[in-house]
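The structure that follows is given in the form of structure tokens.
Bear in mind the structure is a predicted one, so any value in this text is a computation, not a measurement.
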Amino acid sequence: MTSIYRGRFAPSPTGPLHFGSLVTGLASYLDARSRGGSWLVRIEDLDPLREPADASDRILASLEAHALRWDESVRFQSRRHDAYADTIRQLLEQRVAYRCTCSRKELAANAGHHPNLCRERTSVPSTPYAVRLRLDDSTVGWMDRHMGPQAQVLKAERDDPVLQRKEGFYAYQLAVVVDDIDQGITDIVRGSDLLDTTGAQIRLYDLLRAPQPHYLHIPVIVNADGQKLSKQTHAPALDDHRPGANLLQALRALGQRPPDELPANEPDAILEWAVAHWSPADLPADCGTAPA
Ligand code: GLU
């Protein structure tokens with residue numbers, strides 16, 4: 001049976017993979033492979049100031065050590081600036097994006113309304129500006145494959161997301177949608193910490209006249225203090241010398257039940273079992289805790 005399923009794992013290289021990112025990467029891999037689909041890896045390196053020079057290489061080496069093999073070549077968002085610039089030009093021309101000179105502080109002091117009347121301006125400002133998406137008041141709904149029916153209320157002006165920052169960097173909200181469309185991604189499996197970003201992303205799909213993908217948001221992994229594992233919360237790097245044990249722990253965090261007979265030192269055998277038995281219905285409702 002041929003399948004058009006195309007999934008992806010899209011880490012931001014702010015540091016090496018930790019247990020939480022392994023869980024996310026593994027879930028997207030299992031969902032794709034169990035459907036006979038493609039699984040792509042995309043490095044979301046949009047902000048060089050937050051990215052250690054060796055982080056991308058370490059992430060890819062870690063995936064390989066865990067036998068998580070991707071299809072096609074790895075995409076780096078740092079090489080996609082022309083595509084992002086084209087999309088911004090198109091959105092500005094359609095007047096669904098606008099140039100914003102307000103600082104975060106000014107917006108916060110003004111209940112999210114633009115004191116510089118950015119939404120009304122038609123000329124190009126002479127001072128540095130961000131580009132924002134112009135939202136309307138609306139409710140965006142989708143059926144999340146794990147979290148069920150979702151409805152997100154978008155507020156015009158106050159929720160308008162940044163597409164390009166004043167410093168010139170392209171923002172996650174823009175790049176993720178441009179690349180998911182360009183790469184033909186049909187299914188997005190990622191952490192539920194990104195749930196809040198989904199409504200505006202769906203709006204962008206509509207504006208760019210692209211079909212909306214299916215979403216599956218998985219519970220995020222937290223540390224003993226209840227914080228999401230991340231570089232900021234000092235999540236330790238994965239130990240690439242024990243890939244089998246890491247995969248088994250990650251499977252349990254995803255509510256899967258690998259049998260005791262699986263050889264803990266054979267990542268390929270563990271993944272083969274996990275693809276054959278992948279059951280999103282068994283994902284836990286809540287956050288899992290990282291192994292101590
Ligand atoms: N690059 C984002 C992150 O590492 C994930 C993007 C996505 O899956 O939509 O948090």
Side-chain angles (χ1 to χ4, degrees), residues 10-15 44-52 55 77-78 80-81 84-140 151-179 190-208 217 220 222-223 225-235:
S12 304
T14 51
E44 302 211 317
D45 50 351
L46 290 170
D47 183 349
L49 304 178
R50 292 180 56 224
E51 296 156 3
Q77 290 192 322
S78 55
R80 296 271 302 151
H81 290 185
Y84 308 144
D86 279 350
T87 305
I88 291 217
R89 211 171 300 127
Q90 179 189 333
L91 295 170
L92 283 168
E93 265 165 30
Q94 289 174 34
R95 296 205 178 282
V96 290
Y98 61 93
R99 300 173 177 91
C100 166
T101 52
C102 298
S103 66
R104 244 186 261 168
K105 229 176 172 180
E106 284 176 310
L107 288 169
N110 206 30
H113 294 289
H114 291 249
N116 301 326
L117 302 179
C118 305
R119 287 180 129 228
E120 281 78 59
R121 187 192 303 114
T122 48
S123 58
V124 179
S126 54
T127 52
Y129 57 84
V131 177
R132 286 181 186 268
L133 184 64
R134 179 195 297 274
L135 296 175
D136 296 320
D137 284 329
S138 62
T139 302
V140 175
Q152 234 165 58
V153 179
L154 301 177
K155 292 200 207 78
E157 187 167 8
R158 271 168 294 174
D159 291 340
D160 289 352
V162 171
L163 302 177
Q164 185 172 17
R165 286 158 46 190
K166 267 189 196 167
E167 303 88 339
F169 297 144
Y170 295 99
Y172 159 69
Q173 284 289 54
L174 172 82
V176 73
V177 174
V178 170
D179 280 324
R190 62 183 179 190
S192 55
D193 53 316
L194 291 168
L195 206 56
D196 287 351
T197 66
T198 307
Q201 288 173 17
I202 289 176
R203 183 78 190 110
L204 257 182
Y205 276 92
D206 289 347
L207 291 169
L208 297 172
H217 285 92
V220 293
V222 296
N223 63 22
D225 295 327
Q227 301 162 311
K228 183 195 165 216
L229 295 194
S230 69
K231 193 181 169 193
Q232 287 73 31
T233 59
H234 310 292

*Start with the C-alpha distance between Leu174 and Leu133, add both sets of side-chain angles, then the distance that settles side-chain contact (heavy atoms from CB on, under 4.5 Å), and finish with yes or no.*
CA-CA 9 Å; Leu174 172 82; Leu133 184 64; over 6 Å; no

*Do Arg121 and Thr101 pass the side chain to side chain donor-acceptor pair (under 3.5 Å) test, and can you show the C-alpha distance, the side-chain angles, and the key distance before you say yes or no?*
CA-CA 10 Å; Arg121 187 192 303 114; Thr101 52; 3.1 Å; yes

*asked:* Using the rule side-chain contact (heavy atoms from CB on, under 4.5 Å), only one of Asp179, Val178, Asp47 pairs with Gln77; which is it?
replied: Asp179

_Do Gln90 and Leu207 have side chains that approach each other closer than 4.5 Å (heavy atoms only, starting at C-beta)?_
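They are not in contact (no side-chain heavy atoms under 4.5 Å apart), so the answer is no.
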
*asked:* I'd like to check Asn116 versus Cys100 (side-chain heavy atoms, cut-off strictly below 4.5 Å). Are they in contact?
replied: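 When only atoms from C-beta onward are counted, Cys100 and Asn116 do not touch, as no gap falls below 4.5 Å.
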
*Looking at Ala151 and Thr139, what are the two nearest heavy atoms and their distance?*
CB-CG2, 3.9 Å

*Test side-chain contact (heavy atoms from CB on, under 4.5 Å) on Gln173 and Val162 and set out the steps.*
CA-CA 7 Å; Gln173 284 289 54; Val162 171; over 6 Å; no

*Could you tell me whether the side chain of Asp159 and the main chain of Leu154 form a donor-acceptor pair under 3.5 Å?*
no

*Taking all non-hydrogen atoms of both residues, which atom of His113 and which atom of Leu107 are closest, and how far apart?*
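Looking at all heavy atoms of both residues, the closest pair is O-CD2, 3.6 Å.
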
*For Cys102 against Lys166, the heavy-atom pair lying closest together*: O-NZ, 3.5 Å

*State whether the side chain of Gln152 and the backbone N or O of Leu195 hold a donor-acceptor pair below 3.5 Å, judged by distance alone.*
yes

*Where Pro13 and Glu44 come nearest, the two heavy atoms and their spacing*: CD-O, 3.3 Å

*Value rounded to 0.5 Å, distance of OG1 in Thr122 from CZ in Arg99*: 9.5 Å

*asked:* Looking at every heavy atom in both Pro52 and Arg50, which two are closest together, and how far apart are they?
replied: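 Answer, listing the atom of Pro52 first, then Arg50: CD-O, 3.6 Å.
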
*State which residue, out of Lys155, Arg132, Arg119, fulfils the side chain to side chain donor-acceptor pair (under 3.5 Å) condition with Asp160.*
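Among Lys155, Arg132, Arg119, the one that satisfies the side chain to side chain donor-acceptor pair (under 3.5 Å) with Asp160 is Arg119.
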
*Could you pull out all residues at least two apart from Arg190 that satisfy side-chain hydrogen bond (donor to acceptor under 3.5 Å, both in side chains)?*
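With neighbours one apart ignored, the set is Tyr172, Thr198, Gln201, His217.
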
*Are any side-chain N or O atoms of Glu51 and backbone N or O atoms of Leu46, one a donor and one an acceptor, separated by less than 3.5 Å?*
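Checked: pair present.
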
*Counting N and O atoms only, with roles assigned by atom type, does the side chain of Arg134 sit under 3.5 Å from a partner on the main chain of Arg95, one being a donor and the other an acceptor?*
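Yes.
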
*Give the C-alpha distance, both sets of side-chain angles, the deciding distance and a yes or no for side chain to side chain donor-acceptor pair (under 3.5 Å) between Glu157 and His114.*
CA-CA 8 Å; Glu157 187 167 8; His114 291 249; 4.6 Å; no

*To the nearest 0.5 angstrom, please state how far the CG atom of Leu163 sits from the OH atom of Tyr170.*
11.0 Å

